2 protein chains.
Amino acid sequence: MTKDMALRVVPRPMRKQVEEGLRDAIMTGRFAPGQHLPDRLLCELFGASRSVVREAVRLLEAEGLVTTYPNRGPFVSFLSPAEAEQVYEVRGVLEALAGEGFAQRASAGERAELRRVLEALAALPPRGADQAALLALKREFYEVLMRGCRNPLVARMFETIINRNAQLRATSLSDPGRLSGTVAELRRVVEAIEARDAAGAWQACRDHVRSAAEVALRILREHERAARATG
Amino acid sequence: MTKDMALRVVPRPMRKQVEEGLRDAIMTGRFAPGQHLPDRLLCELFGASRSVVREAVRLLEAEGLVTTYPNRGPFVSFLSPAEAEQVYEVRGVLEALAGEGFAQRASAGERAELRRVLEALAALPPRGADQAALLALKREFYEVLMRGCRNPLVARMFETIINRNAQLRATSLSDPGRLSGTVAELRRVVEAIEARDAAGAWQACRDHVRSAAEVALRILREHERAARATG
DNA sequence: CCGCACGGTTTGTCCGTCAATCTTCCGGTC
DNA sequence: GACCGGAAGATTGACGGACAAACCGTGCGG
């Protein structure tokens, strides 16, 4: 039992803190895409030494959030519409795989939990819902789904994939009227799962990602056009 | 013009060399799963400083080839049968996605190239074929497939996934008589692609991975049982 | 207006240091 | 002889300085 205590007392090495801080800063947009991330800046920002910062950057690079150009250093990755489309394609199959696995392998308790989160989502006010609450619930939904599919590798890859388009997700969620569509799509997922219909769950998940992608890409392309017109 | 020379003479930073060397050493089995990788060892082995080695290890950690335990350092990841199964599940959907995309988007030249590699595979002697040649051809097949599917993200994720089970692949390829099955499965992939049948290519890819997984997992479980009985 | 040299900045790499922690082994105790 | 505990050695995690090479912006000169 002291072991548990100790694990909590020294929960995370400095490196992890920098990793998480940097990841968070990029995903929330505090560091804009294309922005240069010199060592010095990160050292001061996190109060860490260069070695630690560089190791953290290397990890984020492997996750795709950061791109390093030789002799120029690390930059926040820029997500072009084409790349965003690729992200959604991959996310679609990963999510479908998770849905399929969940339908086959999740426990009755986990199925009930998924239903509970879905109903919480459905209970949100149709428009102008609290963005933070909505995001938290969607996160929870996926958390349950990924836990119940009994495939930690899928869960891990899904997490890194979703980090890459966290910014896009925010914009697609902000689309008024999107919530009801989301809930309807996820309801189909949950119903297929409760019917233990693996193929149905697969299809429902893929359809959900497809329509999320459509909304996000439409908005992204509009922004792109606006930016080009202004610039 | 000297610039071009210089760019080729010093193409890659030391860090990349260590990354690749370490990745290669793990994938070819020169570093066995479960083996401890102390900094000092890697420093001597690659003639690099600790900072460089640690950055490289961090990247391999993100790829899943290395696992770091707190205060114990990096170890070569061990792939349990359950984890191997997960790897194959993910590989299946990634490969299927690539096959689907290839059928839809590859150029005529790329389709011809895929056919060419397939016929080279089919021309190998049915048994006792040169392992190295076989592996090279399979690599080339996937290289063409991933290039032609027009989704670099899938290509990248597929590469890291396949690195994780490189050892297993060697064992599954060594199975006598497996080659003819492999060729037959890949032929179905190529034929679906040439017919521009995206759904068929998807299914053919997934089937191929499924049977590769069956062979590999059967062998892996036998090894596992033998190891337990001996140990 | 173009090109070129210059200086500041940043990267890529190496090295030494140091506390905290883990492993091992040794010796004492029951 | 088995077991417990602590000292010794090794390793990690983290810090900071150092330095050559590469890059960038600036300003000078043609």
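As the structure is a prediction and not an experimental result, all values here were calculated from the model. In what follows, every chain begins at residue 1, and chains take the letters A, B, ... in the order their sequences are listed.
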Within the structure provided, determine whether B/L153 and A/R164 are in side-chain contact (heavy-atom separation under 4.5 Å).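 A side-chain contact under 4.5 Å exists here.
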Look at all strands and tell whether B/R15 reaches a base, only sugar-phosphate, or nothing, counting heavy atoms closer than 4.0 Å.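 Contact class for B/R15: sugar-phosphate only.
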Any N/O pairs under 3.5 Å between the protein and nucleotides 16-20 of chain D? List them or say none.
from: D/dA18; atom 1: N6; to: A/R50; atom 2: NH1; distance (Å): 3.1

Could you give the [atom1]-to-[atom2] distance, from [X] to [N], as a whole number of Å?
| X | N | atom1 | atom2 | value |
| --- | --- | --- | --- | --- |
| B/R54 | C/dC15 | CZ | P | 16 Å |
| B/D39 | C/dC22 | CG | C1' | 14 Å |
| B/E55 | D/dA14 | CD | P | 14 Å |
| B/R40 | C/dC14 | CZ | P | 15 Å |
| A/L42 | C/dT10 | CG | C1' | 13 Å |
| B/Q17 | C/dC14 | CD | C1' | 15 Å |
| B/L41 | D/dT11 | CG | P | 10 Å |
| B/E19 | C/dG12 | CD | P | 12 Å |

Using a cut-off of strictly less than 4.0 Å, decide whether A/H36 has a side-chain nitrogen or oxygen near OP1 or OP2 of C/dT9.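 Checking A/H36 against C/dT9: no side-chain N or O falls below 4.0 Å of OP1 or OP2.
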With sequence neighbours excluded, give me every side-chain hydrogen bond (donor to acceptor under 3.5 Å, both in side chains) pair touching residues 22-32 of chain B.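 Output for this query lists B/R23-B/E63.
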Look at B/R40 together with B/E44 and state whether they make a salt bridge at an N to O cut-off of under 4.0 Å.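 Answer for the salt bridge query: no.
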For residues B/T67 and B/S77, is any side-chain donor paired with an opposing acceptor at under 3.5 Å?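 Yes, a side-chain donor-acceptor pair sits under 3.5 Å.
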How are the rings of A/Y142 and A/F158 set to each other: parallel, tilted or perpendicular (split at 30° and 60°)?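 Aromatic pair A/Y142/A/F158 classed tilted.
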Which ones in residues 68-76 of chain B lie close to DNA chain C, meaning a heavy atom under 4.0 Å from one of its atoms?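 B/N71, B/R72 - these, ordered by number, are the residues of the stretch whose heavy atoms sit under 4.0 Å from the strand.
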Would B/E143 and B/R147 count as a salt bridge (charged side-chain N to carboxylate O under 4.0 Å, His left out) here? Give the steps. CA-CA 6 Å; B/E143 206 267 317; B/R147 185 151 34 83; 3.3 Å; yes
Do other residues, nucleotides or ligands put more than 12 heavy atoms under 6.0 Å from A/R139 CZ?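 No, the 6.0 Å shell around CZ holds no more than 12 heavy atoms from other groups.
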Name the residue from A/I162, A/L94, A/L97, A/N151 that meets the side chain to side chain contact (heavy atoms under 4.5 Å, CB included) definition with A/M157.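 Only one option passes, and that is A/L94.
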Hey, is the main chain of B/R105 close enough, under 3.5 Å, to the side chain of B/R150 for a donor-acceptor pair?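 It does hold such a pair.
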